[in-house]
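Everything on this sheet refers to the single structure shown next.
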2 protein chains.
Amino acid sequence: MTEPAATPIREYGGIEDVFDALRSEGHRVTTPCRLVLEALFRAAGPISAQQIVEDTPVVGFEPSSAYRNLERLEQLGVIRHVHLGHGPSLYMLVGSGEKEFLLCERCGRVKSVDPSALDPLREQIERDFDYRARFGHFPIVGLCATCAKHE
Amino acid sequence: MTEPAATPIREYGGIEDVFDALRSEGHRVTTPCRLVLEALFRAAGPISAQQIVEDTPVVGFEPSSAYRNLERLEQLGVIRHVHLGHGPSLYMLVGSGEKEFLLCERCGRVKSVDPSALDPLREQIERDFDYRARFGHFPIVGLCATCAKHE
DNA sequence: ATACTTGCAAATGATTTGCCAGTGT
DNA sequence: ACACTGGCAAATCATTTGCAAGTAT
């Protein structure tokens, strides 16, 4: 692994701040760490570890390194992941608008909503079942309007 | 695979009816098919393919056969499965009280509830998001009362 | 300098598939 | 009889781990 980063990501803003924050907390900002974060900054939405590696044309950038960095960054609260049905975990940056998800298990479409939009639901679940529901890690799964009609 | 079935399951009632139903629809009731169904009839709750094989001391009963039969039986509507967080799919008989689930992602505890208990929730989700939520295949995930306190 | 990280290969866990032999109807 | 199934081995997919070599601080 000797190539420079694929693209300077400066224009997305913020990534250097993440590097600084990591360093100031005593963590090392290594090449794979940077590549993972750059891919996540580049991404339009939640992406898999495999996508992160594929979207990064740097020889020697290994899935295992991506996973190790994803785990570390998640523990540090920089990123998080969601399980959308079957399929791999999808990772995203924390902070850029916390979201919770509704997944259509027929067409796979994902609706991202503001947690506050689900608060009434959460309250009802809390009241009825004494559970604090969270839909940011595992989404609400069902059928979207379109697919519900086709059933 | 030449051994007789591990245990006669007659006392659980109903399994012979399932065999008859399968045969009358032109499906073959083979040894692995019986073993899978027997394990599911025996089980207290949803169990994994691995548990099914482990709970069945019949040499030559292979995971692949268990999976093939689980898939078939599911397509026939005899069984279904749920994804409880990480970990393998858990299979159960259909009909013996349809349930939907709430999973505590901290302690792993699962609460099974009658679908009707979630209908108000479903209505709210339908109203607010135009989604028909179903929690029988993917549960509601969050924190149970106990774990919510410890957070 | 040195502890933390990596690259790479091999292991893991859940599940699937290929293929030919076996069996339920 | 014969198509549907099974056993078994190997493949797949997502992810993890072991370990010696590399590197960020």
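What you see below is based on every heavy atom in this structure, not just the backbone, and it leaves out hydrogens, waters and symmetry mates. Chain letters run A, B, ... following the sequence lines, proteins first and then strands; every chain starts at 1.
For A:Glu25 and C:dC4, the CD to P distance is 16 Å, given to the nearest whole Å. As a whole-Å value, the separation of A:Glu71 CD from D:dA14 C1' is 14 Å. Regarding B:Phe61, its CZ atom lies at a distance of 13 Å from the C1' atom of D:dT5, rounded to whole Å. The CZ-P distance, from A:Arg34 to D:dT23, rounds to 13 Å in whole Å. For the pair B:Leu90 CG and C:dT15 C1', the computed distance is 14 Å after rounding to whole Å. Between the OH atom of A:Tyr91 and the P atom of D:dA14 there is a distance of 12 Å, given to the nearest Å. One interatomic measurement links the two molecules: CG of B:Leu84 to P of C:dA14, which rounds to 14 Å at whole-angstrom precision. Rounded to whole Å, atom C1' of D:dT23 lies 15 Å from atom CG of A:Leu35.
Applying the side-chain hydrogen bond (donor to acceptor under 3.5 Å, both in side chains) test between A:Arg80 and each of A:Glu98, A:His137, A:Glu74 identifies A:Glu98 as the sole match. Remark: of the listed residues B:Ile15, B:Ile52, B:Thr56, B:Ile15 is the sole one forming a side-chain contact (heavy atoms from CB on, under 4.5 Å) with B:Glu38.
Taking each heavy atom of A:Pro120 and A:Ser116 in turn, the nearest pair found is CD-O, 3.7 Å.
Proximity of A:Arg23 to the phosphate of C:dC4: no side-chain N or O atom is located under 4.0 Å from OP1 or OP2. At the phosphate of C:dT15, OP1 or OP2 sits under 4.0 Å from a side-chain N or O atom of B:Ser89. Phosphate proximity of D:dG6 to B:Arg72: present, with a side-chain N or O under 4.0 Å from OP1 or OP2. Distances shown here put a side-chain N or O of A:Thr30 below 4.0 Å from the OP1 or OP2 atom of C:dT6. For the pair B:Tyr67 and C:dT16, the criterion of a side-chain N or O lying under 4.0 Å from OP1 or OP2 is not met. Regarding contacts with the backbone of D:dC13, every side-chain N or O of A:Gln50 stays at 4.0 angstrom or more from both OP1 and OP2.
Within a 6.0 Å radius of CZ in B:Arg134, no more than 12 heavy atoms belonging to other residues, nucleotides or ligands are found.
You'll find the ring centres of B:Phe138 and A:His86 inside the 6.0 Å limit.
Of all nucleotides listed (C:dT6, C:dT17, C:dA9), C:dT17 comes nearest to the side chain of B:Ser64. Taking every side-chain heavy atom of B:Val29 into account, C:dT25 is the closest of C:dT25, C:dC8, C:dA14.
Toward the 5′ end of DNA chain D lies the nearest nucleotide of B:Arg28, the other residue of the pair B:Arg28 and B:Ala66 mapping further downstream. Place B:Pro63 and A:Asn69 on DNA chain C by their nearest nucleotides, and A:Asn69 ends up nearer the 5' end. Nearest-nucleotide positions on DNA chain D place B:Gly26 closer to the 5' end than the other of A:Ser65 and B:Gly26.
With hydrogens and angles ignored, a donor-acceptor pair under 3.5 angstrom links the side chain of A:Arg68 to the base of D:dG18.
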